[in-house]
Amino acid sequence: MKAVVYQGNGKIGIEERPRPVILDERDVILEVTLTTICSSDIHIKHGAVPKAVPGTILGHEFVGKVIETGNAVKKVKPGDRVSVNVETFCGECFFCKRGSVNNCTDKNGGWALGCRIDGGQAEYVRIPFADNGLTIIPDHVTDEQALFHGDILSTGYWAAKIGELNPADTVAVIGAGPTGLCTMLCARLYTPARIIAIDTDEYRLRLAKEKGLADLTLVPGKDKIEEEIRELTEGRGADTVFEVAGGDTTFEMAWQIARPGAIVVIVAMYEEPQILPLPDMYGKNLIFKTGGVDGSFCQEMMDLTACGKLDAGFLITHRCRLDQILEAYDVFEQKKDHVIKYAIKP
């Protein structure tokens with residue numbers, strides 16, 4: 001089968017690989033029907049994910065059809081259409097029982113797919129702990145609607161949950177990329193008074209407004225971000241700030257635009273260490289929440305999608321075949337042609 005492989009030293013390539021087989025009674029083999037490229041794949045390519053293993057097939061955001069199940073699998077059967085959780089998790093360890101599946105202690109637990117074990121930018125893929133990591137897609141939900149459930153939509157949903165949003169809140173989202181847009185989409189479920197989107201890409205900001213995800217958009221370097229947010233909030237600042245950009249100055253912006261006592265959720269994956277200037281923020285009594293997504297809510301999200309309340313399919317701006325994916329990587333990494341997300345069909 002064809003597969004996209006992380007070759008190390010900033011290189012990826014399409015290789016011929018053997019079709020995967022069942023290795024454990026809890027495994028499932030999927031035929032991948034739709035996959036995509038994530039910003040985390042770019043981080044892996046450039047060596048910014050220390051746990052990533054050269055020689056691994058990339059891809060952790062995809063949907064597929066079950067073609068074979070291990071003897072212990074109860075939830076799915078051959079022929080089922082499923083979305084795949086970005087994390088594989090045992091469901092039995094200390095962290096899994098507390099919902100922190102990102103920190104599953106199994107050797108294949110947490111974010112393993114497309115990082116430490118073979119992922120879904122391929123024609124077929126093996127899914128460990130399949131009963132935990134697969135969600136059946138209802139017949140009336142398309143592959144494109146379900147494509148992002150396992151990763152960026154899960155990230156936005158998780159972020160909104162830990163942001164402890166209230167109906168009258170002012171919410172600021174720094175970063176209007178794919179994950180930032182998903183964070184706005186999920187924050188909207190909590191009916192905040194306003195969502196402010198902040199980004200340097202005005203095309204993405206227009207998209208956020210057109211789709212009803214943002215009420216106000218601000219551009220760093222063009223708008224006085226902190227000043228405008230304070231004017232909107234009687235001088236207080238945002239009630240919750242989601243930092244989804246991971247830029248050179250966005251961490252600093254996040255705590256500066258937050259009101260005293262606010263929650264600042266760090267969603268971004270940084271390539272460089274960030275400084276927490278405690279003397280400068282003394283007295284603001286901020287609560288910082290960080291970490292990788294805990295993809296524990298995939299069934300909730302699928303139910304919301306099935307009833308029309310959560311649909312991230314609009315993020316797909318480009319489509320191609322698997323054999324065209326190297327060109328797609330270039331377009332996605334360089335943000336050409338107003339790309340948001342690809343839908344890639346093996």
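Please read these numbers as outputs of a predicted model, since none were measured by experiment.
Using cut-offs of 30° and 60° on the angle between ring planes, the pair Tyr157 and Phe297 is tilted. Taking the six-membered ring where tryptophan is involved, the planes of Phe251 and Tyr270 are perpendicular, since the angle between them exceeds 60° and thus also 30°.
Atom-to-atom distance recorded for Leu58:CG and Asp41:CG is 5.5 Å, nearest 0.5 angstrom. Put simply, CG on Leu218 and CD1 on Ile196 are 6.0 Å apart, with the number rounded to the nearest 0.5 Å. The line from NE2 of His46 to CD of Glu333 is 3.5 Å long, rounded to the nearest 0.5 Å. If you take CG on Asp27 and CG on Asp131, they are separated by 11.0 Å, rounding to the nearest 0.5 Å. Atom-to-atom distance recorded for Asn166:CG and Thr240:OG1 is 7.5 Å, nearest 0.5 angstrom. To the nearest 0.5 Å, atom CD1 of residue Ile117 and atom CG of residue Asn108 are 4.5 Å apart.
Asp139 CG: 12 or fewer foreign heavy atoms inside a 6.0 Å radius. Other residues, nucleotides and ligands contribute over 12 non-hydrogen atoms within 6.0 Å of the CD atom of Gln334. Atom NZ of Lys2 has 12 or fewer neighbouring heavy atoms from other residues, nucleotides or ligands inside a 6.0 Å radius. Within a 6.0 Å sphere centred on NZ of Lys211, heavy atoms belonging to other residues, nucleotides or ligands number 12 at most.
Judged purely by distance below 3.5 Å, without hydrogens or angles, the side chains of Gln121 and Tyr329 pair a donor atom with an acceptor atom. Between the side chains of Glu61 and Thr36, no donor-acceptor pair of N or O atoms lies under 3.5 Å.
One finds no salt bridge joining Glu210 and Arg206 here, because no Lys/Arg side-chain nitrogen approaches an Asp/Glu carboxylate oxygen to under 4.0 Å. Between Glu300 and Lys161 a salt bridge is recorded (basic side-chain N to carboxylate O distance below 4.0 Å).
The main-chain N or O of Gly120 is found under 3.5 Å from a side-chain atom of Thr35 such that the two form a donor-acceptor pair. With hydrogens and angles ignored, the 3.5 Å screen pairs no side-chain donor or acceptor of Asp223 with any backbone N or O of Ile225. Between the side chain of Arg81 and the backbone N or O of Val141, at least one donor-acceptor pair lies under 3.5 Å. In this structure, the side chain of Asp199 engages the main chain of Ala176 through a donor-acceptor pair within 3.5 Å. Remark: the backbone N or O of Ala343 is not paired with any side-chain donor or acceptor of Arg319 at under 3.5 angstrom.
You'll find the side chain of Cys115 stays beyond 4.5 Å of the side chain of Thr56, heavy atoms only. The side-chain heavy atoms of Arg19 and Ile67, taken from C-beta on, include a pair separated by under 4.5 Å. Considering only heavy atoms from C-beta on, Leu181 comes within 4.5 Å of Ile340 through its side chain. Counting heavy atoms from C-beta on, the side chains of Ile257 and Ile198 come closer than 4.5 Å. Contact of the Thr317 side chain with the His338 side chain is not registered, since no non-hydrogen atoms from C-beta on lie closer than 4.5 Å. Looking at Ser40 and His60, their side chains come closer than 4.5 Å, going by heavy atoms from C-beta outward. Proximity of Asp118 to Arg17: side-chain heavy atoms (C-beta onward) are separated by under 4.5 Å at one or more points. Under the 4.5 Å side-chain criterion, counting only non-hydrogen atoms from C-beta, Asp294 is not in contact with Ile162.
With Val84 as the partner, the side chain to side chain contact (heavy atoms under 4.5 Å, CB included) test is satisfied by one option alone out of Leu30, Val63, Asp151, Val28: Leu30.
In this structure, Arg126 fails the cation-pi test against Tyr124, since its NZ or CZ atom is not both closer than 6.0 Å to the six-membered ring centre and inside 45 degrees of the ring normal.
Taking each heavy atom of Met1 and Ile57 in turn, the nearest pair found is CE-CD1, 3.9 Å. Between Met184 and Ala214, the closest heavy-atom pair is SD-CB, 4.3 Å. Of all heavy-atom pairs spanning Cys298 and Thr135, the tightest one is CB-OG1, 3.3 Å. Val73 approaches Thr69 most closely through the heavy-atom pair CB-CB, 4.1 Å. Ala245 approaches Gly175 most closely through the heavy-atom pair CB-CA, 4.0 Å. The minimum heavy-atom distance between Arg259 and Leu286, with the atom names listed, is O-CD2, 3.3 Å.
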Using residues 302-316 as the side-chain source, report each donor-acceptor pair under 3.5 Å to any protein atom, sequence neighbours left out, with the distance given to one decimal.
| unit_1 | atom_1 | unit_2 | atom_2 | d |
| --- | --- | --- | --- | --- |
| Asp303 | OD1 | Gln299 | NE2 | 3.0 |
| Thr305 | OG1 | His149 | NE2 | 2.8 |
| Thr305 | OG1 | Met301 | O | 3.0 |
| Thr305 | OG1 | Leu310 | O | 2.8 |
| Asp311 | OD1 | Gly313 | N | 2.9 |
| Asp311 | OD2 | Gln145 | NE2 | 3.0 |

